[in-house]
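A short write-up of the structure that comes next.
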Amino acid sequence: MPYLHILVAVDLTEECDPVMHRAQKLATSTQAKLSVVHIVEPMAMAFGGDVPMDLSMLQQQQFEQAREKLDSFAGKYPELGTDQRHLAYGQPRQEIHRLAEEQGCDLIIVGSHGRHGLALLLGSTANDVLHGAPCDVLAVRLKKPE
Ligand code: AMP
């Protein structure tokens with residue numbers, strides 16, 4: 001069965017383009033619809049939970065900046081209409097899975113740094129997304145910087 005709807009998870013760094021190029025090729029060959037998602041992580045998460053101050057204003061700004069970055073990234077790809085650009089707030093794994101289910105996606109594409117050993121234990125979104133995914137997951141290997 002060819003894939004019908006591919007969801008590309010983007011962290012909005014310069015590494016998104018190789019991931020997106022692979023997704024574009026795959027989508028063209030199977031005539032699949034393409035969507036992108038970026039997850040804005042709660043600031044408190046970065047500080048390990050309890051933060052004794054109100055971060056709501058900063059978080060609002062962070063969300064708006066992410067929206068601008070996502071629109072500017074997606075603007076380079078004419079097949080990504082405005083209803084195919086998703087911005088969510090929360091934990092990447094949980095939100096990517098939720099969105100894939102909600103949008104009826106049958107493939108999630110993420111970038112992978114091919115971490116192993118201790119680096120892998122410290123966390124990789126690709127590895128995280130794979131576990132419990134509601135559909136297939138493709139990890140596009142990202143080259144290490146020279
Ligand atoms: P990393 O955890 O840095 O190894 O991220 C690897 C890949 O996970 C990225 O190339 C994206 O595909 C995906 N990813 C990481 N962070 C996010 C995020 N905040 N929103 C959406 N996708 C993400």
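Here the structure is a predicted model, which means the values were calculated and not measured. Indexing begins at 1, ligand by ligand and atom by atom, following the structure's order. Just the heavy atoms: all of them, side chains too, but no hydrogens, waters or symmetry mates, feed the values below.
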Counting heavy atoms only, which part of L12 comes closer than 4.0 Å to ligand 1: side chain, backbone, both or neither?
neither
Considering distance alone, does some N or O of G111 sit under 3.5 Å from an N or O of ligand 1?
yes
Relative to the heavy atoms of V37, which atoms of ligand 1 are at a distance of less than 4.0 Å?
21 (C)
Considering distance alone, does some N or O of I109 sit under 3.5 Å from an N or O of ligand 1?
no
Might you work through the side-chain contact (heavy atoms from CB on, under 4.5 Å) test for D11 and C16, ending with a clear yes or no?
CA-CA 7 Å; D11 57 8; C16 297; 3.4 Å; yes
Only residue of V8, T28, L26 satisfying side-chain contact (heavy atoms from CB on, under 4.5 Å) with L34 is V8
Is there a heavy atom in E15 that sits closer than 4.0 Å to ligand 1?
no
Min N/O separation E41 to ligand 1 under 3.5 Å
no
One pair to check against side-chain hydrogen bond (donor to acceptor under 3.5 Å, both in side chains): S124 and H113. What are the steps and the verdict?
CA-CA 8 Å; S124 129; H113 293 100; over 6 Å; no
Electrostatic pair E64:R67 at N-O distance under 4.0 angstrom
no
What verdict does the side-chain hydrogen bond (donor to acceptor under 3.5 Å, both in side chains) test give for Q91 and E41, after you've listed the backbone C-alpha separation in whole Å, the side-chain angles of each residue and the deciding distance to 0.1 Å?
CA-CA 6 Å; Q91 202 256 333; E41 294 182 63; over 6 Å; no
State the CD-CG distance between E101 and L7, to the nearest 0.5 angstrom.
12.0 Å
Looking only at N/O atoms, are S124 and ligand 1 under 3.5 Å apart anywhere?
no
For atom 20 (N) of ligand 1, the option (of L142, I39, I108) bearing the nearest heavy atom:
I39
